[in-house]
Amino acid sequence: MAITIHTPLTREQARCLRAGDSCLISGVIYTARDAAHKRLCELVAQGKELPLEVRDATIYYVGPTPAKPGEAIGSAGPTTSYRMDAYSPTLIALGETGMIGKGKRGPEVVAAMKEHGAVYFGAIGGCGALLSQCVKKAEIVAYEDLGAEAIRRLEVENFPVVVIIDSEGNNLYEAGRAAYLESLGE
Amino acid sequence: MREIAAQQITDTVRRLCVQANCHLPRDVRERIAASHAGEPWPQAREILERIMENYDIADRGDKPVCQDTGMACVFLKVGQEVHITGDVAEAVHEGVRQGYSQGYLRKSVVGDPLNRVNTGDNTPAMIYYDLAPGDQVEITVAPKGFGSENMSQIRMLRPSDGVEGVKDFVVKVVEEAGANPCPPIVVGVGIGGTFDKAAYLAKKALMRPLDQRHPQPFYQDLEAELLERINALGIGPQGFGGRTTALAVNIETCPTHIAGLPVAVNINCHVTRHQTEVL
């Protein structure tokens, strides 16, 4: 049974989620990839204001294809998350509570998640057409010059994700693989 | 001598860019369905069902299967009896430019690897030329996503490392990649040649249909054994655990130097896209 999440996601709510939980996210989430993360962290370093409210925000690592006429967005599946590892601790310290991507994260990200209370969700990679159906509205809020990598504000409904790493550091990639291999021995 | 206008190449490349990104080849869909049937882990089966559902949504709606519509890798096999009128490379780039713009595909190419400004039209294409007997031109467009490209590796093994060294390296690359390249993956392996040739062969290996095995029994057995070892790792679809880590291991080989044993592993995600037309 999937857990329903309405964004914004507070640190307290994030701390209740456990690796392996299936969740359906509704509400506003923001998109950002490598180039946008780099710019956000440069602003932070300069002490300047960010173009989005990071507190309690969920950021989706995605660069969608262009929307066709009549569509809210084009195909929109997750990109590989480790490329954001250099930037995520900064945003988590500012209050980011949710990250959506796919693939492994570095120890510095997990440490920040444990310290501040944040959760790393996985969406199914290579399912961009399917996932785009959960996006009801998309608008660019910053860095339009980056094209697919611009920061977008998405309104999503029942966007399916699984908790990969929770705020205690439990990891579905490790636990899922171990459980499967153990099942073979039974 | 047969003449082909560069414009025909542009038109074909444009069409193939869109088709390849929205419609997966039959062999990939069949391998996913077969893997689903043989997958004992419930969570893994569920992921494979979503993946098949996604293929159908993309196919029916002419939508890109994946938002990473890739760098356009274009393989041209040009018959020696053909005269192409016009600039071949520019014809290919123009086809990519038109296909990615008209097909609502993502522009994912930066013009310089360090200064990183998007070219805005997904050019340049990565073009590979082959000369062949005959009077035809075979064009294959294979959009290559970088989630999987980034997990690829090459190693110059010693001849004494032998076939066991090759096996260990291939399995190690897949295990290190884990969930990152969107498993279930396709594993392209190039063995032999020079440093660059091995990498090229690994990429070529990804073009071979998944139900077509290497012509030599020795390498057929090696492909089967590697697939078995990879699927015993337990990584599973999306890395959540399960049997289906890879759909196929395709090996291409080439003669090499007495001192060398180059091995390249080019990984592709389950969205293994390629479309071919012959002019």
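Letters A, B, ... are given to chains in the order of the sequence lines, protein chains preceding strands, and every chain is numbered from 1. These numbers come from the heavy atoms of this one structure, side chains and all, not from hydrogens, waters or symmetry mates.
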What verdict does the side-chain contact (heavy atoms from CB on, under 4.5 Å) test give for A/Lys68 and B/Asp62, after you've listed the backbone C-alpha separation in whole Å, the side-chain angles of each residue and the deciding distance to 0.1 Å? CA-CA 10 Å; A/Lys68 289 182 184 173; B/Asp62 292 319; 3.8 Å; yes

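- Considering only heavy atoms from C-beta on, B/Tyr55 stays 4.5 Å or farther from A/Cys127 through its side chain.
- When the shell of 6.0 Å around CD of A/Gln46 is examined, it contains more than 12 heavy atoms from other residues, nucleotides or ligands.
- Within a 6.0 Å sphere centred on NZ of A/Lys137, heavy atoms belonging to other residues, nucleotides or ligands number 12 at most.
- Heavy atoms of B/Leu105 lying under 4.5 Å from chain A belong exclusively to its backbone.
- To the nearest 0.5 Å, atom OG of residue B/Ser108 and atom CD of residue A/Glu149 are 8.5 Å apart.
- When heavy atoms are compared at a cutoff of 4.5 Å, B/Pro237 does not approach chain A at all.
- A/Leu172 and B/Phe240 get closest at one heavy-atom pair: CD2-CD2, 3.6 Å.
- Counting heavy-atom neighbours within 6.0 Å of B/Arg116 CZ, excluding the residue itself, gives a total of 12 or less.
- Within the 4.5 Å cutoff, side-chain heavy atoms of A/Pro66 are placed close to those of B/Lys107.
- Taking the side chain as every heavy atom from C-beta outward, A/Lys102 and B/Cys182 approach each other to under 4.5 Å.
- Of the atoms belonging to B/Val65, heavy atoms from both backbone and side chain fall under 4.5 Å from chain A.
- By number of non-hydrogen pairs under 4.5 angstrom with chain A, the leading residue of B/Gly234, B/Gly145, B/Gly147, B/Gly241 is B/Gly234.
- The part of A/Pro78 that comes within reach of chain B is its backbone (N, CA, C, O), which places non-hydrogen atoms under 4.5 angstrom from that chain.
- Panel note: side chain B/Asp68, backbone A/Thr79; no donor-acceptor pair is recorded below 3.5 Å.
- Using a 4.5 Å cut-off between heavy atoms, B/Ala44 does not touch chain A at all.
- If you tally non-hydrogen atom pairs under 4.5 Å between each of B/Gln238, B/Glu53, B/Arg243, B/Lys63 and chain A, the highest count goes to B/Gln238.
- Between B/Trp41 and A/Tyr180, the ring-plane angle classifies as perpendicular under the 30° and 60° cut-offs.
- Remark: A/Lys38 NZ is loosely packed, at most 12 non-hydrogen atoms of other residues, nucleotides or ligands lying under 6.0 Å away.
- Using a 4.5 Å cut-off between heavy atoms, A/Ala178 does not touch chain B at all.
- Residue contact with chain B, scored on non-hydrogen atoms closer than 4.5 Å, involves the backbone of A/Ala76 exclusively.
- Counting only heavy atoms from C-beta outward, the side chains of B/Ile51 and A/Ile124 approach each other to under 4.5 Å.
- Contact detail for A/Ser75 and B/Pro64: the closest heavy-atom pair is OG-O, 2.5 Å.
- Ion pairing between a basic and an acidic side chain is recognised when a charged N comes within 4.0 Å of a carboxylate O; B/Glu176 and A/Lys104 show no such pairing.
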Might you work through the side-chain contact (heavy atoms from CB on, under 4.5 Å) test for A/Tyr173 and B/Ile235, ending with a clear yes or no? CA-CA 8 Å; A/Tyr173 290 142; B/Ile235 294 167; over 6 Å; no

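- Interface remark: A/Ala123 contributes backbone atoms only to the contact with chain B (heavy atom separation under 4.5 Å).
- For a residue to count as touching a neighbouring chain, one of its non-hydrogen atoms must lie under 4.5 Å from one of that chain's; by this rule B/Met151 touches chain A with the side chain only.
- In this structure, the portion of A/Gln133 lying under 4.5 Å from any heavy atom of chain B is its side chain and not its backbone.
- Side-chain contact check for B/Gln67 versus A/Leu131: every heavy-atom pair is 4.5 Å or farther apart.
- Counting only heavy atoms from C-beta outward, the side chains of A/Leu146 and B/Asn118 never approach each other to under 4.5 Å.
- For A/Arg33, the part lying near chain B is the side chain, with the backbone staying farther off; criterion is any non-hydrogen pair under 4.5 Å.
- The distance from the OG atom of A/Ser81 to the CG atom of B/Asn180 is 8.0 Å, given to the nearest 0.5 Å.
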- Item | Derivation of the side-chain contact (heavy atoms from CB on, under 4.5 Å) call for A/Arg177 and B/Leu233 | CA-CA 8 Å; A/Arg177 185 178 172 192; B/Leu233 290 172; 3.9 Å; yes

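- In terms of heavy atoms, A/Leu130 sits closest to B/Ile57 at CD1-CD1, 3.4 Å.
- Few gaps surround CD on B/Glu90; more than 12 heavy atoms of other groups in view lie less than 6.0 Å from it.
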